[in-house]
Amino acid sequence: MKKILVFGNSHVGSLKAGFNNLDKKYLENISFDFVAISGKYFQKIYINNNQLNFPEKTVKRFSGVFGNIHFPIDLDQYDYCVLVGAEIRSPIKTLIPSERKFTFYSKNLIENYINNFYLENTRHKDLIYKLKKLFISKFIIIPAPLSVLPFQNKSEVASIPKTKFVAKQINLIRTICDNLSKEKNKVSILLPPEKLLENNQLNTMQDYARGAVKWDAIEHDRNNDLIHMNAEYGREIMLSLIDKLN
Amino acid sequence: MNPYSELPSSAFWKTGVTQDNPYAINNIYKKKFDIKPNTQIATAGSCFGQHVGNHLKRNGYKVIDEEIAPLGLPDELHQKYGFSLYSARYGNIYTVRQLMQLAQEVAGERKPENYIWEKNGKYFDALRPAVEPDGHETEQEVIEHRDFHIEKVKDVFTKMDLFIFTLGLTEMWVHKQCGTVYPTAPGTICGEFDEDIYEFKNATFGEIINDFKLFQATVRKIRSNKPFQMILTVSPVPLTATASGKHVLVSTVHSKSILRAVAGQLSAKQKRIDYFPSFEIVNNPRLHSTTFKENLRSVRDETVQMVMKHFSREHPPIQRDKKVLKNLKNNTNSLEDVQCEEALLEAFGK
């Protein structure tokens, strides 16, 4: 039985909500613990003596610890650690900020960037460094979802990538991220399956933002929040994660 | 009374050079036109030209960058991969013919041949070999990246209001059959030298003027005749090596004299072309070559600052909101960071 810790900021909520909807057949040899820390309080989390810690006074109000676990969380009990959101932008977003301001990078440069610099520029790089040290290649990062374009811009999101170069670069980024999990000592990066994205492959489909959930995995009125996703999105990501773990 | 009696001190060697402050020479540069806060500036040229672009960015000018580095890529890798050096990733453009051929390619008037060179199983764009130092995995990848680059250069040429170009060399290596000019000699960064395929050429004054006018005509076509201004400079950096068969000092003076004369002629004849005398400021005898590093070739950081101070006297920093200024300054290399593949030739010296 593999034991997995899924923790991160509010984006954990959709994964937990999606997990709750999963058929048990997917969970025969695998168990998950979920821990979510609300947005700005995420920076208070720290690792000490292989334990994940969070200040006691803020635990009750701003964290979602699901199941029978509580802080400090012993990391040694887990086979894999999955860090979700945590202000880590998707490499698709960092390498293609927009179609308008697009630069076509070589395979060599993208590999170099993802392997050596992508995580260096995240706000929680110290935390990532410690988790990487503890879990080595059994550390998976699920970056924040690609944003949803405003609902009124339906025609815009329906378009396929405007140039062949953008499409090629997206494929290249996906291939490089997929290959990371096959390499020793490399942190894996799990990107959302293509079917969750608009035709442009740069934005999450609008449907997945309807009924988005917060860190506590409960649906809130988030129709206009184009950043957080719903339980259906979380379910698809969980299936993709389970597939990777198997 | 004679024609010299009413002339300013800058007209006389004694007062203009011997006695004037070489770090702030009076009247050495009088701008022909203003660079306005919204002027879109494109830069290109020999490695010294990188300093000009950096200075303008630091001082709040709008310097076009059509091929930006990935967010968070360290500064040293910007240079390694040819980012933030110029307005697109064309690397150093040492000769006017190279610039002219690039414009023709952008205009669809020229399809470069023999530009994919191989080294250790990797493939390089020989027209800008330094921007992908580890090469591409396939020839097709080189072609695709060049296609993209040319689209971006077209955007640069279309958007720019002002083009700043630093003339660097007259010596060049040319493909005999198709006339393609390379920024580096075959076999230095990549490729292999074959005297049946490549030949050395040292451009004359007339040829450079013709190439430059062809460049202008081609860019005008790309821009549907929308006019643009230019500032020309001549790189003060001596040749690292010459293939002319003459002494490198003789060849340096020959090349720089021609380039200086070309810049002078063009700026004298055309109202939209200005000349900025970086060459003269660096090579001022009053400074006894102290403007150069110990190799008497590389220009010191302080020299660059001193040169650009002269530029700032006529084109002062643009006052901008701090946040805007920070954005403009991003992708600015430090003073000493210039990428110069021509300097690699030093390694081939005995």
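Lettering follows sequence order; numbering is per chain, from 1.
Looking at A:S106 and B:E132, their side chains do bring a donor and an acceptor atom within 3.5 Å of each other.
At least one side-chain heavy atom of A:K168 sits under 4.5 Å from a side-chain heavy atom of B:E144. Under the 4.5 Å side-chain criterion, counting only non-hydrogen atoms from C-beta, B:L73 is in contact with A:L109.
Looking at B:K152, only its side chain comes within 4.5 Å of chain A, counting heavy atoms on both sides. With a 4.5 Å cut-off on non-hydrogen atoms, A:Y118 does not touch chain B at all. At a 4.5 Å heavy-atom cutoff, the contact between B:Y81 and chain A is made by side-chain atoms alone. For A:F165, the part lying under 4.5 angstrom from a heavy atom of chain B is the side chain only.
Among the candidates A:I110, A:T94, A:L95, A:N112, the residue making the largest number of heavy-atom pairs closer than 4.5 Å to chain B is A:N112. Of the residues considered (B:P74, B:P133, B:G135), B:P74 shows the highest number of contacts with chain A, using heavy-atom pairs under 4.5 Å. The most heavy-atom pairs under 4.5 Å with chain A, out of B:H149, B:E151, B:H136, B:R89, come from B:E151.
Checking side-chain atoms of A:N121 against main-chain N and O of B:G72 turns up a donor-acceptor pair under 3.5 Å.
In summary, B:E137 and A:K107 engage in a salt bridge, as defined by a charged side-chain N under 4.0 Å from a carboxylate O.
Nearest heavy-atom pair across B:D147 and A:K164 is OD2-NZ, 4.3 Å. Nearest heavy-atom pair, B:L71 versus A:Y113, reported as atom, atom and distance to 0.1 Å: O-OH, 2.7 Å. Pairing each heavy atom of B:A69 with each of A:Y105, the nearest pair is C-OH, 3.3 Å.
No more than 12 heavy atoms of other residues, nucleotides or ligands shown are found within 6.0 angstrom of OH on A:Y129. Residue A:K244 qualifies as enclosed at atom NZ: its count of foreign heavy atoms under 6.0 Å is above 12. No more than 12 heavy atoms of other residues, nucleotides or ligands sit less than 6.0 Å from atom CD of B:E192.
Using bins of under 30°, 30° to 60° and over 60° for the plane-to-plane angle, the ring pair A:F104/B:H145 lands in the parallel bin.
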> Given A:K101 and B:I68, is the side chain to side chain contact (heavy atoms under 4.5 Å, CB included) satisfied, shown in steps?
Replying inline: CA-CA 8 Å; A:K101 200 75 185 164; B:I68 53 167; 3.7 Å; yes
